[in-house]
Amino acid sequence: MDWRALDAAELEYQFNPQKSVADFSRFQVHRSAISKVCRQVMTAHLDIAYGDGALNGVDIFPAGDNAPVHMFFHGGYWRTQDKANFAFIARDLVQRGVTLVIVNYDLCPAVSLDRVSGSALEAIAWCYRNIASYGGDPERISISGNSAGAHLCSMAVATDWPARGLPADIVKGAVMISGIFDPFPASLVSVRSELKLRDDIIARNNTEALPPRVDCRCFIFAGGLEPWAWIDQSFRYSAHLRRHGYDPDVQVLPGYHHFNIMDQYLEPASPIARAVQTISSL
């Protein structure tokens, strides 16, 4: 599919996930209920600041002394959602001995995409420097994210961490789910009014073009029921990694779309849950 030749309505269907799934919010209800319980009953350090911004906070669900650390970045097209809605990921992950850090980050339109990405990277740097205080092992940090969160994970893979005074291998593995890796298509659909993308901002955040710098294990997932142009982003990003000598694991999961694919975190034997387990053990 040459998506550049599509009309406005088809572009909206292909690149605005909310337009491709009827009543999309109903697929989040059961996860929200589990998240509420996790925040109430599990040991947690909530709203820990890693920066000065109102959204520069993390929720930490510790798994014990010297535990591997997994950081999760939520989706929402860089403009919406909140870490509180993803506490459900802690339910099984902490039981498997992994400390979970769920990240909030700055959102458009209050800031540019540059700042969105920058705040996510600052969260990783903060985690490396501070997670030992919560029992986590800073030398075993892995990351995952869905949709825009997958893009932020890819930005972490494309970051020159030594230039920031941090180890080149600060991230040991990344799981990227239903990701958007080139922001340009977002400038063609209705979310553009909130994202305010310019050519220079797109270029600085296009991980289909930025060279990867972190030599880590990468898993890339998309749902088989997602629009093809959205799925194609995962294959294009995979091809980009391969051109730089990486060997990413790429899977399209039949029966899943943009909003129910996150259920895989609640299914220990699912491909996504197994991938997170794999990178958490590196």
So, taking the atom named CG in N205 and the one named CG in D200, what distance separates them when rounded to the nearest 0.5 Å? 9.5 Å
Is it true that V175 and I231 fall in one hydrophobic cluster, defined by side-chain heavy atoms closer than 4.5 Å? no
Show the nearest heavy-atom pair for residues S147 and G75, with the distance to one decimal. CB-CA, 4.1 Å
Rounded to the nearest 0.5 Å, how far apart are CE of M176 and CG of L152? 11.5 Å
Roughly how far, to the nearest 0.5 Å, is the NZ atom of K19 from the OH atom of Y13? 13.0 Å
Can any side-chain N or O of N104 pair as donor or acceptor with the backbone N or O of L55 at less than 3.5 Å? no
Any salt bridge between R164 and D160, counting N to O under 4.0 Å? no
How about R96 and P268: do any of their side-chain heavy atoms sit closer than 4.5 Å? yes
Rounded distance (nearest 0.5 Å) linking atom CG of L188 with atom CD of E12: 10.0 Å
Report the distance from atom CZ of F184 to atom CG of N206, rounding to the nearest 0.5 Å. 10.5 Å
Is the count of non-hydrogen atoms from other residues, nucleotides or ligands lying under 6.0 Å from D65 atom CG greater than 12? no
Do you know which two heavy atoms are closest between G145 and F72, and how far apart they sit? CA-CE1, 3.8 Å
Salt bridge (Lys or Arg N to Asp or Glu O under 4.0 Å) between R79 and E194, intermediate numbers included: CA-CA 7 Å; R79 76 201 198 290; E194 296 173 85; 2.9 Å; yes
Exercise: identify the closest heavy-atom pair between L113 and C108: N-SG, 3.9 Å
Checking the side chain of R129 only, and the main-chain atoms of W126 only, is there a donor and an acceptor separated by less than 3.5 Å? no
Keeping the roles fixed (side chain from K196, backbone from S112), state whether a donor-acceptor pair exists under 3.5 Å. no
Would you say the side-chain atoms of N146 pair up with the backbone N or O of G149, donor to acceptor, closer than 3.5 Å? no
Examine F24 and V191 and state if one hydrophobic cluster contains both, with Ile, Leu, Val, Met, Phe, Trp and Tyr joined whenever side-chain heavy atoms are less than 4.5 Å apart. no
Go through it in stages, so that I can follow the logic: the residues are S142 and L282, the test is side-chain contact (heavy atoms from CB on, under 4.5 Å), and I'd like the CA-CA distance, side-chain angles, deciding distance and then a yes or no. CA-CA 8 Å; S142 61; L282 295 175; over 6 Å; no
Cluster check M42, V37: I/L/V/M/F/W/Y, side chain < 4.5 angstrom: yes
Would you please classify the geometry between the W230 ring and the F15 ring as parallel, tilted or perpendicular, with 30° and 60° separating the classes? tilted
Answer yes or no: is there a side-chain heavy-atom contact under 4.5 Å between M262 and I272? no
Shortest non-hydrogen separation from A87 to S35 and the atoms involved: N-OG, 3.2 Å
Between S187 (side chain) and L197 (backbone), is there a donor-acceptor pair under 3.5 Å? no
Looking at side-chain heavy atoms only, is the closest gap between Y50 and V101 below 4.5 Å? no
Go through it in stages, so that I can follow the logic: the residues are T99 and Y134, the test is side-chain contact (heavy atoms from CB on, under 4.5 Å), and I'd like the CA-CA distance, side-chain angles, deciding distance and then a yes or no. CA-CA 9 Å; T99 288; Y134 301 89; 5.8 Å; no
Just wondering, do E226 and F259 contact through their side chains at under 4.5 Å, heavy atoms? no
Would you please test H30 and D263 for side-chain contact (heavy atoms from CB on, under 4.5 Å) and show each step? CA-CA 9 Å; H30 65 292; D263 288 348; 2.8 Å; yes
What's the separation between atom CG in D59 and atom CG in D47, rounded to the nearest 0.5 Å? 5.5 Å
Has the side chain of S280 got a donor or acceptor atom that lies under 3.5 Å from a matching backbone atom of V276? yes
Any heavy-atom pair between the side chains of F73 and I124 that's under 4.5 Å? yes
Looking only at heavy atoms, what is the nearest atom pair of V252 and G224, with distance? CG1-CA, 3.5 Å
What residues form a side chain to side chain donor-acceptor pair (under 3.5 Å) with H45, not counting sequence neighbours? none
Close side-chain approach of R274 to Q264, heavy-atom, < 4.5 Å: no
Does the gap between the ring centers of F181 and H240 come in under 6.0 Å? no
Counting only N and O atoms by type, is there a donor-acceptor contact under 3.5 Å from the side chain of R204 to the main-chain atoms of D114? no
When Ile, Leu, Val, Met, Phe, Trp and Tyr are grouped by side-chain heavy atoms lying under 4.5 Å apart, directly or through other members, which residues fall in the same group as L225? none
Going by an N to O cut-off under 4.0 Å, is there a salt bridge joining E122 and R115? yes
Test side-chain contact (heavy atoms from CB on, under 4.5 Å) on F61 and I89 and set out the steps. CA-CA 10 Å; F61 294 82; I89 297 172; over 6 Å; no
Could you tell me if the ring centre of F86 sits under 6.0 Å from that of Y265? no
Give a yes-or-no answer on whether the side chains of H257 and S20 include a donor-acceptor pair shorter than 3.5 Å. no
Mind checking whether R242 and S238 have side chains closer than 4.5 Å, heavy atoms only? yes
CG of D23: more than 12 outside heavy atoms within 6.0 angstrom? yes
Is L93 reachable from I279 through a run of I, L, V, M, F, W or Y residues, each pair having side-chain heavy atoms under 4.5 Å apart? yes
Where the side chain of Q14 meets the backbone of A229, is there a donor-acceptor pair that is under 3.5 Å apart? yes
Do I60 and Y105 share a hydrophobic cluster (ILVMFWY, side-chain heavy atoms under 4.5 Å, transitive)? yes
For a 4.5 angstrom cut-off between non-hydrogen side-chain atoms, does V98 reach Q277? no
Whether the side chain of R213 engages the backbone of W161 through a donor-acceptor N/O pair (distance < 3.5 Å, no angle test) should be reported. no
Sequence-distant partners of H151, side chain to side chain donor-acceptor pair (under 3.5 Å), two or more places apart: W78
Tell me the closest heavy-atom pair linking S154 and T207, and the distance in Å. OG-OG1, 2.8 Å
